[in-house]
Amino acid sequence: MKLIAAILLVTGGTCAFAQPKTPAKLDKEGHPWWQHAVFYEIYPRSFADTNGDGLGDLNGITAHMDYLRKLGVDAIWITPCFPSPQVDFGYDVADYTNIEPMYGTLADFDRLVQQGRKRQIRVVLDFVVNHSSDQHPWFLKSKASRQSEYRDWYIWRDGKPRDPNAPPLPGIATDPNAPAGEDPPNNWTSLFGGPAWRYDPGTRQWYYHYFDPAQPDLNWRNPRVHDAMFNVVRFWFDRGVAGFRLDAVDTLFEDPQLRDNPPFYPPNELDAAGNPLPGAVPPKDPYGMPLQRRIYNDNLPENHVVLQQLRQVADQYGAVLIGETWTENIAQLKQYYGQGAAAEIQLPMDFLFANVNRLSAPEFRRQVGLVESSGGWPVYLFSNHDITRAYNRYGGQQPSDQVAKLLAALLLTLRGTPILYYGEEIGMENRDPVSREEVRDPIGIRGWPLEKGRDGERTPMQWTAGANAGFTSGKPWLPIAANYQTHNVEAEEQDANSVLNFYRAAIRLRHRDPALVEGAYVALNQDDPNVMAYLRQYRGRAVLVALNMSSEPQTVRFDLARQGYGAKSRLHELLSSNAAAQQKLSEVSLQPYGVFIGEVLR
Ligand code: NOJ
Ligand code: CA
C-alpha cells in the first residue's frame with residue numbers, strides 16, 4: 001500500500017499500471033483519506049424518494065448532497081443499489097454492474113458521484129461478495145442442468161438418505177420439494193432460519209445458501225467466479241467509486257468436504273474439558289433450529305487470500321475496503337487488517353464496540369483499549385441497517401437527546417474512523433413492527449415473534465414534520481418512526497441545541513483539530529465507573545474528553561502531572577453539553593450524560 005501510494009504521489013496521481021480515479025492523497029503524517037474521513041451509511045430505499053413511489057432513490061441522495069456537506073461527512077456508503085428482486089432489499093443482487101431501476105439509472109449514479117465530488121464527498125458502494133440472487137443469470141444458468149457450464153459457480157450437492165431412527169425434523173427444517181426420506185447434504189443451518197440447503201426438483205440436487213434461499217452462495221473456489229467478481233470491482237472503481245463495504249466477508253469459503261458443524265453449548269453447559277455436560281441440549285435459534293458452531297462454513301483461512309487480492313486492486317485506485325467483520329475477539333479482528341504485502345481490509349468494522357449495548361464507561365473503555373492494542377486503525381459505529389438504532393439501545397426506556405449527543409461525542413473523538421448511520425444525527429428512533437403482517441424483512445417474517453427483523457432500524461429518513469416526514473409524496477414502504485414531528489432535519493436546523501447541531505459541531509471540531517484525528521488515545525481515570533475520560537495527545541497539545549455515562553451528576557479529578565499539567569491547569573472548552581463551560585482539571589463537573597471536550601492549558 002505504502003509503495004503504491006508513494007508512486008501515485010510522485011507521479012501526480014497516476015502511474016503506468018493504474019489509472020486511479022480517486023488518488024490516495026496522504027496527509028503530512030502519511031495518513032490516507034479514509035483515516036480522516038467521517039463515513040455516513042445510507043440505506044437508499046429509506047433516504048429520500050423523488051418520484052413518489054414510496055421508495056428512496058439515487059436522485060434523492062443527490063438532492064440532499066448539500067445537507068450531507070453541511071453535516072460534514074466526507075464519504076457515503078450506499079447499501080446495495082443494484083438490480084435485485086429485493087428479497088433481502090438489495091443484498092440479493094441480480095446484476096452486479098447496473099443500477100436497480102427503482103433507484104434510478106447508471107446516469108443517475110454518475111451524477112450522484114459527480115455531485116458528491118463537487119462537495120468532496122466520496123461514494124462507497126456495497127459489494128455482496130458471498131452470494132448473488134437466485135434470479136442472477138449466473139444462478140439461473142447454474143440451475144438449468146447438472147451439465148451447465150455455470151453449475152460449478154454455486155455449491156450443489158446430492159442429499160443424504162434420512163436415518164430412519166433419527167428424531168423427526170422441526171417444521172422449518174423440512175423442504176417440501178425434497179423427496180421423502182432425503183436430507184440435505186449436511187447439518188449446516190442458515191443464518192436466516194432453517195437448513196442452509198434448498199432442494200432443486202429440476203436437477204434433483206441441493207444448493208447451499210448461508211442466508212436466504214434466494215441468496216445462493218457463490219463458489220469462490222471456482223476461478224471463473226473469482227475473475228467475474230474482480231471484474232465487478234474494477235467496473236465500479238473505473239466509474240469513480242472510492243471503495244467498497246464488503247458484505248459478509250467471513251462466509252466466502254466452505255469446507256470442501258462439507259463436514260457437519262458441531263452443536264453449540266453455552267459455557268455453563270460444558271465441563272472443564274469443553275465437553276457438554278450429561279443431558280445438555282444445544283439452545284435453539286429464533287427460527288427453531290439447534291445452534292451450532294459454524295466452524296466449517298464461517299471464517300475459513302481461504303477468505304483472507306481473496307481479501308488480500310481485493311486489497312491489491314483497491315490500492316491501485318487509492319480506494320478503501322470496509323469490512324462487515326463480525327468477530328468474536330480482537331485477535332480475529334486483527335487478522336482482517338493483514339500486514340505488509342498481505343494487507344487486507346483497511347477498515348474492518350469493530351462490532352465488539354457496537355455490541356456494548358448499554359452505556360457503561362468500564363465496558364466502552366475496555367473495548368476501546370482492546371482495539372487500540374490491536375495496532376490497527378479502529379473503525380467505530382453504533383448501529384446500521386442490521387442493528388437497532390443507537391438512540392434506543394443506549395437510551396433505555398426514556399431515550400434522550402442528551403444520550404444521543406454523548407454518543408456523538410464518543411464516536412467523533414476516538415482515534416479511528418467513525419461511521420454514522422443515516423438518521424443517527426437527528427436522533428431517529430427505532431420503530432419495530434407491531435405484528436407479523438407488518439413485517440417486510442424476510443428474517444422477521446420467518447422468525448416472528450422472537451426475531452422481529454430489521455425493519456425497525458430502516459424506517460424513512462425524517463426530513464420535516466409534514467406528511468411522511470417529507471420522505472415521499474407517496475406511501476412510504478415502511479411506517480415513519482413516531483418521533484418525526486420533533487426529530488427531523490427541518491426542525492433541528494432551527495434549534496441550536498438539537499442533536500443535529502451537536503453532530504455538526506462535533507464533526508467540525510474533528511475536522512479542525514488534528515489531535516482528534518491523529519492524536520494518541522490515552523485512557524484516564526480507568527477505575528471510574530461512570531465517566532469515560534481520555535486524552536487525545538498530539539504534538540505537545542492535549543485534548544481532554546470526559547463523558548458522563550450515568551444518570552447522576554458527576555465530578556471528576558484528573559492528574560495529568562506526567563503530561564506536564566498541574567491541578568491548576570485550565571481547560572479551554574471546545575465543545576460541551578450538559579456541563580459547565582469553565583472547568584479545571586481538579587474538578588470537572590458533568591450533569592447526567594454530560595459531555596465536556598476541551599484543550600488542556602498549562
Ligand atoms: C449483511 C447485511 O448487512 C445484511 O443486511 C444482509 O441481510 C446480509 N449480509 C446478507 O447479505
Ligand atoms: Ca459462502
query = Any salt bridge between D88 and R454, counting N to O under 4.0 Å?
reply = yes
query = Is the CZ atom of R504 crowded by more than 12 outside heavy atoms at less than 6.0 Å?
reply = yes
query = So, F82 versus Y103, ring centres under 6.0 angstrom or not?
reply = no
ask   = R245 versus M349: any side-chain heavy-atom pair under 4.5 Å?
value = yes
key: Chi angles and distances behind the side chain to side chain donor-acceptor pair (under 3.5 Å) call for Y43, E457   = CA-CA 10 Å; Y43 200 66; E457 52 262 33; over 6 Å; no
message = For R293, I'd like to know if atom CZ has over 12 heavy atoms of other residues, nucleotides or ligands within 6.0 Å.
response = no
Basic-acidic side-chain contact under 4.0 Å: K70, D66 = no
request  = Tell me, please, which residues at least two apart from R224 pass salt bridge (charged side-chain N to carboxylate O under 4.0 Å, His left out).
outcome  = E149
query = Would N297 and Y208 count as a side chain to side chain donor-acceptor pair (under 3.5 Å) if you check the C-alpha gap in whole Å, the side-chain angles of each, and the deciding distance to 0.1 Å?
reply = CA-CA 11 Å; N297 59 342; Y208 170 64; 3.1 Å; yes
task = Count the heavy atoms belonging to other residues, nucleotides or ligands that lie under 6.0 Å from CD of Q339, then report whether that count exceeds 12.
result = no
query = Between the side chains of R393 and N357, is a donor N or O closer than 3.5 angstrom to an acceptor N or O?
reply = yes
request  = Determine, for Y210 and R294, whether the Lys NZ or Arg CZ falls below 6.0 Å from the six-membered ring centre while staying within 45 degrees of the axis.
outcome  = yes
note = Those residues at least two apart in sequence (or on a different chain) that pass salt bridge (charged side-chain N to carboxylate O under 4.0 Å, His left out) with D53 are none
query = Can you tell me if R119 and Q115 form a side-chain donor-acceptor pair at under 3.5 Å?
reply = yes
message = Could you tell me if D212 and H131 have a donor-acceptor pair between their side chains, going purely by distance under 3.5 Å?
response = no
query = Do V249 and L307 come within less than 4.5 Å of each other through their side chains, counting heavy atoms only?
reply = yes
ask   = Does a side-chain N-to-carboxylate-O contact under 4.0 Å join R539 and E518?
value = no
query = Hey, do the aromatic rings of W463 and F47 have their centres closer than 6.0 Å?
reply = yes
